[in-house]
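The structure under discussion appears below in the form of structure tokens.
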Amino acid sequence: MKKKILLVVILVLVAGSIWYLESIKAHPDAGGNGAPQAINVGDGTTAIATTTTTTIDVQGSNSPAAVRQSLATLAATDKAEGYEPAIEIADPTGFVNVSSSFKLGSLIGKKVILLDFWTYSCINCIRTLPYLTAWYSRYASSGLEIVGIHTPEFDFEKDINNVIAATQKYGIKYPVVLDSNYGTWNAYGNQYWPHEYLIDLAGYIVHDQVGEGNYDETEKKIQELLAERGQILGMQTAPMPSSTVTVASSTIAGGAISPETYFGANRNEYLANGVQGRPGTQTFSIPANLYANALYLKGVWDVEPEFAQTPEGVSASAPDSVEYQYIAKGIYWVAGSANGSPIDVEVLRDGKPVAQSVAGSDIFYKNGHSYIEVTGDRLYRLVDDKAAGGHAIELIITSPGLQAYTFTFG
């Protein structure tokens with residue numbers, strides 16, 4: 001009997017220890033000063049990681065007292081409807097288009113905020129950017145602030161110079177905060193790229209969108225919140241547009257069936273002709289029969305946790321290659337060069353050079369062959385077809401140092 005009681009006590013202690021450790025993981029340090037800090041000025045006495053009262057700079061004709069009362073009413077309504085307060089940026093590792101003193105809390109009571117979790121090599125994120133940049137252009141003067149939280153999927157995305165280059169490439173003018181340690185990602189309990197949160201004037205998350213799509217719904221909510229902002233602050237603003245922005249169809253997803261496929265040992269569960277999950281050098285050969293949605297490598301590859309790399313010894317006479325039978329409209333490849341030197345990769349679709357009518361924007365032609373030039377670590381567009389279909393893609397690499405991260409489809 002005593003042994004049974006002792007066993008129960010031990011099990012309770014173990015369970016308690018596990019719960020405590022998990023609770024620490026679920027509540028990461030916000031800037032090194034404790035748990036993530038909720039932001040909420042709606043009660044009129046707001047503390048943002050501090051006990052001092054936040055001052056609201058009234059931008060419209062309504063008095064500070066009237067604004068505070070309206071924010072308190074809005075906050076009470078938000079709380080009653082079950083909305084959660086926004087959380088301050090936690091453990092930032094860099095800033096683009098904004099100073100290092102930037103805080104979300106400085107915007108509450110003044111702006112409507114769209115918080116966007118993204119990373120620059122993610123095709124799903126890239127396809128949302130035309131909407132975000134169009135919204136910023138259209139609504140920034142009416143009180144919308146977009147804040148990009150750049151949480152990297154791969155190590156090369158932690159480099160602020162790479163992020164700056166991506167923001168310039170995609171015309172991003174709004175603030176971008178680097179989240180390389182996943183501080184803000186974990187504080188919000190996020191799991192997705194992209195993921196947008198809309199935060200109203202009182203600091204509550206009143207709308208969120210996981211992944212692509214529902215753009216009209218999100219924009220209508222932005223319009224609603226901006227109209228609400230104008231009323232609370234007593235601001236004369238231009239009437240909200242009755243329409244929503246239109247983005248060229250070439251940037252919109254459609255028809256993807258094949259799954260995102262990783263080359264690195266951490267997540268290469270679709271590798272069909274080698275040992276999955278094992279880092280190190282492997283020699284691959286292509287079998288006679290290939291399955292769709294399966295990754296096949298040929299030659300000698302150095303498989304690292306995040307990528308597979310062509311080793312020394314690869315040449316035109318002894319190339320490495322990649323084969324994949326996909327079902328989608330478009331195919332994209334995240335790749336890089338180990339030393340930054342340009343690497344030409346020949347691209348074949350269904351055993352032939354990629355036709356110009358379906359070529360992605362990174363394809364170029366030389367001596368009747370189709371290629372991409374891999375330099376920086378980024379996403380490369382290989383195929384952009386008009387409709388989804390089943391095809392085979394083959395990549396031929398004759399230079400060492402090519403780093404292959406992932407295929408994505410659209």
Side-chain angles (χ1 to χ4, degrees), residues 116-129 150-158 162 166 170 179 182 185 190-196 209-213 250-279 284 290-297 301 303-309 321-336 345 347 349 360-362 372 374 376-385 387-395 402-410:
D116 174 49
F117 284 90
W118 73 297
T119 187
Y120 77 80
S121 76
C122 164
I123 186 60
N124 308 92
C125 301
I126 291 170
R127 285 193 290 247
T128 66
L129 293 179
H150 186 273
T151 312
E153 184 173 11
F154 303 110
D155 278 345
F156 65 79
E157 294 173 303
K158 298 177 182 179
N162 291 343
Y170 295 112
D179 187 37
Y182 280 58
W185 175 285
N190 187 39
Q191 301 179 56
Y192 308 101
W193 293 283
H195 192 168
E196 284 107 35
Q209 169 64 37
V210 173
E212 304 173 54
S250 62
T251 65
I252 302 174
I257 298 175
S258 293
E260 184 166 13
T261 300
Y262 294 90
F263 287 69
N266 284 348
R267 289 182 284 182
N268 62 355
E269 67 270 23
Y270 294 108
L271 178 64
N273 65 333
V275 181
Q276 299 174 358
R278 190 185 77 184
F284 300 88
L290 306 185
Y291 292 100
N293 301 328
L295 175 65
Y296 295 90
L297 303 179
W301 288 79
V303 182
E304 297 291 329
E306 287 193 348
F307 56 83
Q309 178 170 311
S321 64
V322 179
E323 294 190 32
Y324 195 101
Q325 294 187 357
Y326 70 93
I327 307 169
K329 284 175 62 177
I331 180 168
Y332 316 94
W333 191 36
V334 178
V345 176
V347 183
R349 191 171 90 140
S361 57
D362 287 298
I372 62 168
V374 175
D377 299 306
R378 66 175 179 88
L379 179 143
Y380 294 85
R381 298 170 182 265
L382 307 182
V383 173
D384 185 13
D385 209 338
H391 299 278
I393 198 80
E394 182 179 0
L395 309 176
L402 184 285
Q403 297 176 335
Y405 287 87
T406 180
F407 278 136
T408 54
F409 304 89

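Note that the coordinates shown come from a computational prediction; the quantities given were computed from them, not determined experimentally.
- Side-chain contact check for L395 versus W333: some heavy-atom pair is nearer than 4.5 Å.
- Proximity of a side-chain donor or acceptor of E306 to a complementary backbone N or O of G264 within less than 3.5 Å is not detected.
- Panel note: side chain Y332, backbone T406; no donor-acceptor pair is recorded below 3.5 Å.
- In this structure, the salt bridge (charged side-chain N to carboxylate O under 4.0 Å, His left out) partners of E153, at least two apart in sequence or on a different chain, are R267.
- Taking each heavy atom of A294 and A272 in turn, the nearest pair found is CB-CB, 3.8 Å.
- The closest side-chain heavy-atom distance from T151 to T119 is not below 4.5 Å.
- Panel note: side chain Q276, backbone E269; a donor-acceptor pair is recorded below 3.5 Å.
- The salt bridge (charged side-chain N to carboxylate O under 4.0 Å, His left out) test applied to D362 returns R378, not counting sequence neighbours.
- No side-chain heavy atom of P259 sits less than 4.5 Å from a side-chain heavy atom of F407.
- Listed here is the closest heavy atom pair of N293 and Y326: OD1-CA, 4.2 Å.
- The minimum heavy-atom distance between K329 and A387, with the atom names listed, is CG-C, 3.3 Å.
- Nearest heavy-atom pair, T408 versus E260, reported as atom, atom and distance to 0.1 Å: CG2-OE2, 3.3 Å.
- Between F307 and the choices F154, F263, Y405, the ring pair (Phe, Tyr, Trp, His ring centres under 6.0 Å) rule is met once, by Y405.
- Remark: side-chain polar atoms of N273 are not paired, donor with acceptor, to backbone N or O of F284 under 3.5 angstrom.
- Between D116 and P194 the shortest side-chain heavy-atom distance falls below 4.5 Å.
- Residues meeting the side-chain hydrogen bond (donor to acceptor under 3.5 Å, both in side chains) test with S321, sequence neighbours left out: none.
- Between the side chain of H391 and the backbone N or O of R349, no donor-acceptor pair lies under 3.5 Å.
- Between W185 and F117, the ring-plane angle classifies as perpendicular under the 30° and 60° cut-offs.
- Listed by chain and number, the residues in a side-chain hydrogen bond (donor to acceptor under 3.5 Å, both in side chains) with N268 amount to none (sequence neighbours excluded).
- Not counting sequence neighbours, D377 has no partner by the salt bridge (charged side-chain N to carboxylate O under 4.0 Å, His left out) test.
- What you find for Y380 and I372 is that their closest heavy atoms are CB-CD1, 4.0 Å.
- A donor-acceptor distance shorter than 3.5 angstrom exists from the side chain of E157 to the backbone of S121, with no hydrogens or angles considered.
- At a threshold of 4.5 Å between non-hydrogen side-chain atoms, the residues V345 and V322 do not count as touching.
- To the nearest 0.5 Å, atom CH2 of residue W118 and atom NE2 of residue H150 are 4.5 Å apart.
- Residues passing the side-chain contact (heavy atoms from CB on, under 4.5 Å) test with R278, sequence neighbours excluded: V275, Q282.
- Using a 3.5 Å distance cut-off with no hydrogens or angles, the side chains of T261 and Y324 do pair a donor with an acceptor.
- Expressed to the nearest 0.5 Å, how far CD1 of I123 lies from CZ of F409 amounts to 11.5 Å.
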